[in-house]
Novice: 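Could you have a look at this structure, given as structure tokens, before my questions?
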2 protein chains.
Amino acid sequence: MASDTLRGLERGLQVLDALNLSSGMTLRELHCNTNLPKPTLLRILATLEAHGYVRRRIADGVWRRSARLSETGSLQGLLLDVGSSILDDLCQRLRWPSDLAVYDEGSMMIIETTRKKSPYFINWTGVGYRIPMLQTGLGRAWLSFCSNEERETILSDLRGSSSPFDRAANNSQLVDQLISETRAQGYGTRVQGFTLRKIGEEKTDGFAVPVIARDRIVGCMNVTWLTSALDQRTAISRYLEEVQAAAGRIGNEIDTKLSLDAARPSALQ
Amino acid sequence: MASDTLRGLERGLQVLDALNLSSGMTLRELHCNTNLPKPTLLRILATLEAHGYVRRRIADGVWRRSARLSETGSLQGLLLDVGSSILDDLCQRLRWPSDLAVYDEGSMMIIETTRKKSPYFINWTGVGYRIPMLQTGLGRAWLSFCSNEERETILSDLRGSSSPFDRAANNSQLVDQLISETRAQGYGTRVQGFTLRKIGEEKTDGFAVPVIARDRIVGCMNVTWLTSALDQRTAISRYLEEVQAAAGRIGNEIDTKLSLDAARPSALQ
DNA sequence: TTCTTCGTTCCGGCTGCCGGAACGTTGATT
DNA sequence: AATCAACGTTCCGGCAGCCGGAACGAAGAA
């Protein structure tokens with residue numbers, strides 16, 4: 001269970017964490033901060049040093065976190081990171097599964113989903129799966145809440161696409177209507193009865209909202225349910241608020257993490 | 001000794017390292033990559049996850065390094081990081097101690113030194129200690145190898161300084177001469193007999209070279225010796241090449257690490 | 001010089017960890 | 001529908017890896 005965890009490793013990470021936010025500590029300071037006995041600390045530090053995670057300043061013997069680059073994490077990495085656990089929470093509350101997706105080369109790409117965890121069996125599509133922009137809630141939400149410049153780029157890409165789904169991008173009247181409607185309601189819905197599903201599976205429906213961080217759209221998330229269990233009006237009235245709250249939480253956490261990073265202690269002293 | 005190290009922690013770091021450069025692996029892949037038994041991996045991953053170091057994607061159970069920001073490390077952190085071990089090497093070869101310093105607010109600030117490790121007892125000054133720009137090898141080297149813009153800024157700062165050492169900045173003829181001389185030789189020396197030392201300590205001398213990374217100066221390093229043991233001419237002929245090589249290695253390593261960072265794998269897939 | 005503080009080493013004892021093996025589940029194959 | 005293979009998960013008896021108090025040495029402070 002939750003306690004199936006390694007004490008030695010745990011203590012090592014504890015030391016790493018302590019060093020991370022202090023830019024250098026002596027053995028004594030570490031001892032006071034972590035309450036670990038000094039011989040133990042010495043062993044931990046030796047191990048961390050051997051793997052290049054910490055380094056001891058020769059001048060004064062102070063232990064410092066060594067500068068490992070390549071741990072930054074892109075914005076999308078962050079989105080996946082915080083999104084994952086919030087989607088999980090949401091699924092436990094609503095029971096219905098959600099997806100998290102980003103725009104990528106002419107379609108929405110799914111980067112996380114709780115379809116596996118949901119108790120309801122719903123047409124399973126994995127990470128990396130792509131769905132069209134104009135027929136789905138996720139796509140419509142992205143198009144409606146991204147910047148004007150981005151929308152223009154996307155639409156012109158779609159006009160040049162060979163996919164039958166993307167032809168609708170030529171009907172600018174339809175597109176405009178779609179976007180203003182989506183904006184007005186605050187969520188995107190899919191084309192009546194539209195599902196990319198295998199034969200024999202139940203019909204589903206859903207809606208999607210944007211995830212906003214740093215004042216721009218960074219992703220979209222949705223909820224999906226079986227039409228046999230719920231009609232759209234009921235689902236939206238029941239779940240919209242909660243899904244929007246979850247999207248808001250994702251955006252907030254991203255913003256916080258990014259600003260924490262900007263304010264981290266200087267590398268010296 | 002070198003083997004006084006914790007196996008559990010070591011394995012945990014091994015897993016972290018594996019995940020770092022792959023952006024996601026299944027248990028099986030980890031098992032193949034690390035040769036650790038699967039139950040052990042499960043325990044390690046549980047521990048890492050509890051501390052927020054890794055996260056499991058719900059969609060497909062893939063383990064990913066979680067996006068921890070605040071581990072980036074400034075350029076100065078990097079300098080200290082790679083400089084530390086290279087200074088250490090150098091000290092083992094030359095026996096004489098070295099310092100690593102950067103320009104900071106009107107003087108050179110020492111950020112690392114091997115005076116502790118050197119077998120020769122030399123006037124001990126710790127991290128954070130400041131030395132003047134115009135009288136010391138470290139200061140002269142920085143002034144001579146920084147950009148023209150930076151030099152102008154520094155000199156005008158010095159002219160406004162209250163320190164008696166910095167008054168020489170007003171004598172522009174002297175300054176120009178100093179800089180062209182330092183540039184010509186490739187290293188900076190100190191004012192004849194200049195030492196900030198306590199009474200009773202032996203006289204020292206030294207020279208300093210710039211550390212260049214990303215095509216600009218990022219630090220200066222020097223060697224110090226007792227005048228009672230060596231005259232300047234001998235010391236320079238014996239050590240200059242080696243010190244310049246060390247400075248070059250520091251610069252190169254910084255450049256490599258920075259470009260490795262730029263080329264790291266995408267956070268998705 | 002003496003005293004205090006900090007880092008390092010030592011070693012007997014025990015518990016935290018180990019990993020083979022068995023099990024349950026998933027999804028591919030015929 | 002049935003079979004099979006691959007993967008993740010759980011179990012548990014056994015032992016070595018780790019533990020940390022105590023003693024030691026070195027380095028400043030008084």
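Every chain is numbered from 1 and lettered A, B, ... according to where its sequence line falls, protein lines coming before strand lines.
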Novice: Under a 4.0 Å heavy-atom cut-off, which of residues 7-16 of chain B touch DNA chain D?
Specialist: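 Hits under 4.0 Å, by residue number: B:Arg7, B:Gly8.
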Novice: Taking the side chain as every heavy atom from C-beta outward, state whether A:Leu16 and B:Tyr53 have any atom pair closer than 4.5 Å.
Specialist: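 The answer is yes; the side chains approach within 4.5 Å.
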Novice: Would you mind telling me which of D:dC18, D:dG20, C:dG7 lies closest to the side-chain atoms of A:Thr40?
Specialist: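 Looking only at heavy atoms from C-beta outward on A:Thr40, the closest nucleotide is D:dG20.
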Novice: Counting only heavy atoms and a strict 4.0 angstrom limit, can you tell me which residues of residues 28-39 of chain B come near DNA chain D?
Specialist: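 Those residues are B:Arg28, B:Lys38, B:Pro39.
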Novice: Rounding to an integer number of Å, can you tell me how far A:Arg115 CZ sits from C:dT26 P?
Specialist: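 My rounded result for the distance is 18 Å.
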Novice: Using modelled atom types and a 3.5 Å cut-off, is there a donor and acceptor pairing between side-chain atoms of B:Arg55 and backbone atoms of A:Ser85?
Specialist: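 No.
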Novice: Holding to side-chain contact (heavy atoms from CB on, under 4.5 Å), I want the full list of residues that pass it with B:Leu41, two or more places apart in sequence or in another chain.
Specialist: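 B:Leu41: side-chain contact (heavy atoms from CB on, under 4.5 Å) contacts with B:Val15, B:Leu27, B:Leu30, B:His31, B:Thr34, B:Leu36.
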Novice: With sequence neighbours excluded, give me every salt bridge (charged side-chain N to carboxylate O under 4.0 Å, His left out) pair touching residues 88-98 of chain B.
Specialist: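 Qualifying pairs: B:Asp88-B:Lys117, B:Asp89-B:Arg249, B:Arg93-B:Glu242.
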Novice: State whether the side chain of A:Arg11 and the backbone N or O of B:Leu9 hold a donor-acceptor pair below 3.5 Å, judged by distance alone.
Specialist: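 No; judged by distance alone, with no hydrogens or angles, the pair does not exist.
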Novice: Output all residues satisfying side-chain hydrogen bond (donor to acceptor under 3.5 Å, both in side chains) with B:Ser84, sequence neighbours left out; order by chain, then residue number.
Specialist: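 B:Ser84 satisfies side-chain hydrogen bond (donor to acceptor under 3.5 Å, both in side chains) with B:Glu112 only.
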Novice: Which residues pass the side-chain hydrogen bond (donor to acceptor under 3.5 Å, both in side chains) test with A:Tyr239, not counting sequence neighbours?
Specialist: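 side-chain hydrogen bond (donor to acceptor under 3.5 Å, both in side chains) list for A:Tyr239, sorted by chain: A:Trp96.
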Novice: Residues two or more places apart in sequence or in another chain: which of them pass side-chain contact (heavy atoms from CB on, under 4.5 Å) with A:Asp104?
Specialist: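 By the side-chain contact (heavy atoms from CB on, under 4.5 Å) rule, A:Asp104 matches A:Met109, A:Arg130.
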Novice: Could you grab the distance from atom CG of A:Leu78 to atom CD1 of A:Ile254, nearest 0.5 Å is fine?
Specialist: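 Output value for this atom pair is 6.0 Å.
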Novice: Can you tell me the distance, in whole Å, between the CH2 atom of B:Trp63 and the C1' atom of D:dG8?
Specialist: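 For the pair B:Trp63 CH2 and D:dG8 C1', the rounded distance is 11 Å.
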Novice: Bend angle of the helix from C:dT1-D:dA30 to C:dT30-D:dA1 from five-pair axes at both ends, rounded to 10°?
Specialist: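 One end's axis against the other's: 40°.
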Novice: Partners of B:Ser98 by side-chain contact (heavy atoms from CB on, under 4.5 Å), sequence neighbours excluded?
Specialist: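 B:Ser98 satisfies side-chain contact (heavy atoms from CB on, under 4.5 Å) with B:Leu87, B:Leu90, B:Thr114, B:Asn222, B:Val223 only.
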Novice: Kindly compute the distance separating CH2 (A:Trp142) from OG (A:Ser107), expressed to the nearest 0.5 Å.
Specialist: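 Nearest 0.5 Å value for the CH2-OG distance: 11.5 Å.
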Novice: What nitrogen or oxygen pairs link the protein and nucleotides 25-27 of chain D at under 3.5 Å?
Specialist:
none

Novice: Applying salt bridge (charged side-chain N to carboxylate O under 4.0 Å, His left out) as the test, list every pair that has at least one member in residues 24-43 of chain A; sequence neighbours left out.
Specialist: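 Matches after skipping sequence neighbours: none remain.
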Novice: Can you list everything that forms a side-chain contact (heavy atoms from CB on, under 4.5 Å) with A:Ser162? Sequence neighbours excluded, please.
Specialist: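 For A:Ser162 there are no side-chain contact (heavy atoms from CB on, under 4.5 Å) partners, ignoring immediate neighbours.
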Novice: Atom CG of A:Leu42 to atom P of D:dG17: distance rounded to whole Å?
Specialist: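 Rounded to whole Å, this separation is 20 Å.
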